[in-house]
Amino acid sequence: MKKTALLLMIAGLVIFVAACGNYEEGFHIGVAQITTHPALDAAREGFIAALEYYGVEARFDEQNALNNRDLLPSIADRFVQNDVDLIFAIATPTVQSMFAATDTIPIVGSAITSYEGAGVVESNERPGTNVTGASDMNPIQHQIGMIFEFVPHLETIGIAYASSETNSVYQAGIAAAHAESLGLNVVRSTVTSVGEVHQNMLALASRVDAIWIPTDNTHAEAMPIVGQVAIESGVPVFPGENGMVREGGLATLSIDYFRLGWESGRMARDILVYGHNPAEMPIRFGMDFELQYFVNGFMAAELGIEIPEHFAPYVWLP
């Protein structure tokens with residue numbers, strides 16, 4: 001009996017060491033990001049911070065496509081050729097490119113609205129592939145409802161997004177349906193690049209009382225332009241997350257992207273250290289964590305909009 005127990009302990013240790021791979025010398029993690037803006041940066045920082053907090057030794061190969069999708073396949077190939085232990089994919093186009101490049105290297109995503117919609121998992125409950133991660137699905141219905149508190153005369157709402165971003169198209173559909181259910185007129189405006197944002201925002205602002213933008217990478221990169229159009233036209237913009245509000249929006253109710261990245265980091269730890277299988281790890285949702293109001297006091301003053309009293313604790317001034 002003692003011999004059997006000893007053999008079982010040894011077998012368990014072998015399995016654990018196999019699962020841990022090169023843990024002692026440090027894991028090699030590829031970090032791929034579609035572009036640079038506050039939300040995606042916060043997700044990356046949260047991911048790395050979580051691994052450091054949990055004592056996971058790792059070296060990171062950080063690659064940024066600078067909003068050029070054509071660069072993503074080469075980044076994915078780089079990770080595959082270097083045989084990284086895990087890929088951290090930030091944003092929808094990124095995870096799609098990483099998934100297209102490998103079905104064996106574990107991929108953990110973040111700042112991705114719908115993994116199912118992106119075609120990288122079979123279901124949120126059981127991914128069934130080498131992909132899992134945390135979703136940045138925001139409380140869109142609450143965001144739309146919040147606009148009435150700042151714009152009581154709201155009758156027509158504009159929805160601006162990039163038609164090339166799967167996550168944005170998905171969110172825009174939810175927002176439009178909810179706005180129409182509230183009796184609002186909806187005007188959609190789509191772009192395919194940052195260069196189109198200024199002209200499209202000008203045209204949209206001339207037709208609506210307020211504008212809502214999802215967590216759209218193209219508009220996030222162009223938020224200073226969006227904010228200037230808002231000031232010139234007097235039409236407030238309500239983006240999907242607080243980093244975009246800081247850059248030129250008026251207000252939002254958003255998830256915490258650092259916390260979102262942290263959750264992705266915890267999932268990466270479970271895969272690398274404890275041998276968990278991504279195919280069996282349900283997608284986690286940012287809306288399950290703390291939500292944050294965020295109001296740009298400068299934009300409110302520029303637009304002559306009075307901030308409702310109960311939003312006072314959430315006002316930010318540059």
Side-chain angles (χ1 to χ4, degrees), residues 37-39 42-43 46 111 113 134-161 171-172 174-187 201 204-205 208-216 219-220 223-224 226-263 285-318:
H37 66 69
T113 304
S135 165
D136 69 347
M137 184 65 183
N138 270 289
I140 295 173
Q141 290 89 343
H142 293 289
Q143 291 175 351
I144 299 297
M146 181 191 68
I147 298 175
F148 284 97
E149 300 196 62
F150 291 87
V151 189
H153 62 278
L154 182 66
E155 294 182 356
T156 303
I157 186 171
I159 298 178
Y161 59 100
Q171 292 176 76
I174 294 174
H178 185 66
E180 289 169 354
S181 75
L182 297 175
L184 295 173
N185 301 311
V186 175
V187 180
M201 288 298 297
L204 182 60
V208 302
D209 303 310
I211 297 171
W212 177 84
I213 303 177
T215 50
D216 179 278
H219 283 84
M223 277 309 296
V226 172
Q228 191 57 44
V229 171
I231 292 172
E232 293 171 0
S233 65
V235 175
V237 175
F238 298 84
E241 58 89 19
N242 57 25
M244 295 170 73
V245 173
R246 193 185 298 266
E247 295 292 319
L250 178 58
T252 193
L253 173 63
S254 172
I255 65 171
D256 182 336
Y257 275 80
F258 183 90
R259 176 67 189 275
L260 191 75
W262 185 284
E263 287 300 316
F285 287 84
M287 284 195 295
D288 295 335
F289 317 139
E290 182 180 356
L291 296 174
Q292 302 173 331
Y293 283 110
F294 195 81
V295 181
N296 188 324
F298 170 79
M299 290 300 296
E302 288 291 309
L303 294 166
I305 293 178
E306 184 176 351
I307 299 173
E309 186 176 346
H310 61 280
F311 284 102
Y314 310 106
V315 173
W316 170 83
L317 289 170

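- Residues Gly249 and Met223 come closest through the heavy atom pair N-CE, 3.5 Å.
- What you find for Ala160 and Pro214 is that their closest heavy atoms are O-CD, 3.2 Å.
- Side-chain atoms of Phe298 and Trp316, non-hydrogen and from C-beta on, never get closer than 4.5 Å to each other.
- Put simply, the side chain of Gln292 reaches to within 4.5 Å of the side chain of Asn242, judged on heavy atoms.
- Inter-residue side-chain proximity for Leu291 and Ile255 is flagged as met; some heavy-atom pair is nearer than 4.5 Å.
- Residue Glu302 holds its CD atom at 11.0 Å from CD of Glu232, rounded to the nearest 0.5 Å.
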Just do the side chain to side chain contact (heavy atoms under 4.5 Å, CB included) check on Thr156 and Leu184 with the steps written out, would you?
CA-CA 6 Å; Thr156 303; Leu184 295 173; over 6 Å; no
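- How far CZ of Phe148 is from CG of Asp209: 10.0 Å, rounded to the nearest 0.5 Å.
- Looking at every heavy atom in both residues, Val229 comes nearest to Ala205 through CG1-CB, 4.4 Å.
- Shortest non-hydrogen contact noted between Leu250 and Pro236 is CD2-CB, 3.7 Å.
- Side-chain atoms of Ile211 and Met201, non-hydrogen and from C-beta on, do get closer than 4.5 Å to each other.
- The side-chain heavy atoms of Phe238 and Gln143, taken from C-beta on, include no pair separated by under 4.5 Å.
- Taking 4.5 Å as the limit, every side-chain heavy atom of Met299 sits out of range of all side-chain heavy atoms of Val237.
- For the atom pair Gln171 CD and Tyr161 OH, the distance stands at 11.5 Å (nearest 0.5 Å).
- Side-chain N/O atoms of Glu247 and His37 include no donor and acceptor closer than 3.5 Å.
- For the pair Thr215 and Asp136, the tightest heavy-atom approach, listed with the atom from each and the gap, is OG1-OD2, 3.8 Å.
- A perpendicular orientation is assigned to the rings of Phe311 and Tyr314, their planes being inclined by more than 60° (bins at 30° and 60°).
- Atom CD1 of residue Ile174 and atom CD of residue Gln141 lie 6.5 Å apart, to the nearest 0.5 angstrom.
- Side-chain N/O atoms of Glu155 and Asn185 include no donor and acceptor closer than 3.5 Å.
- In this structure, Thr113 OG1 and Asn138 CG are separated by 7.5 Å, a value rounded to the nearest 0.5 Å.
- For the pair Trp212 and Ile140, the minimum side-chain heavy-atom distance is below 4.5 Å.
- Distance CG/Leu253 to CD1/Ile147: 11.5 Å, rounded to 0.5 Å.
- Side-chain contact check for Leu260 versus Phe285: every heavy-atom pair is 4.5 Å or farther apart.
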Glu180 and Ile157: side chain to side chain contact (heavy atoms under 4.5 Å, CB included), yes or no, with the steps?
CA-CA 10 Å; Glu180 289 169 354; Ile157 186 171; over 6 Å; no
When you look at His178 and Leu182, which way does the side chain to side chain contact (heavy atoms under 4.5 Å, CB included) test go after all the steps?
CA-CA 6 Å; His178 185 66; Leu182 297 175; 3.7 Å; yes
Run the side chain to side chain contact (heavy atoms under 4.5 Å, CB included) test on Ile213 and Met244 for me, step by step, so that the C-alpha distance in whole Å, both residues' side-chain angles and the decisive distance to 0.1 Å come before the verdict.
CA-CA 9 Å; Ile213 303 177; Met244 295 170 73; 3.8 Å; yes
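- Here the closest non-hydrogen pair linking Val186 and Ala179 is CG2-CB, 3.7 Å.
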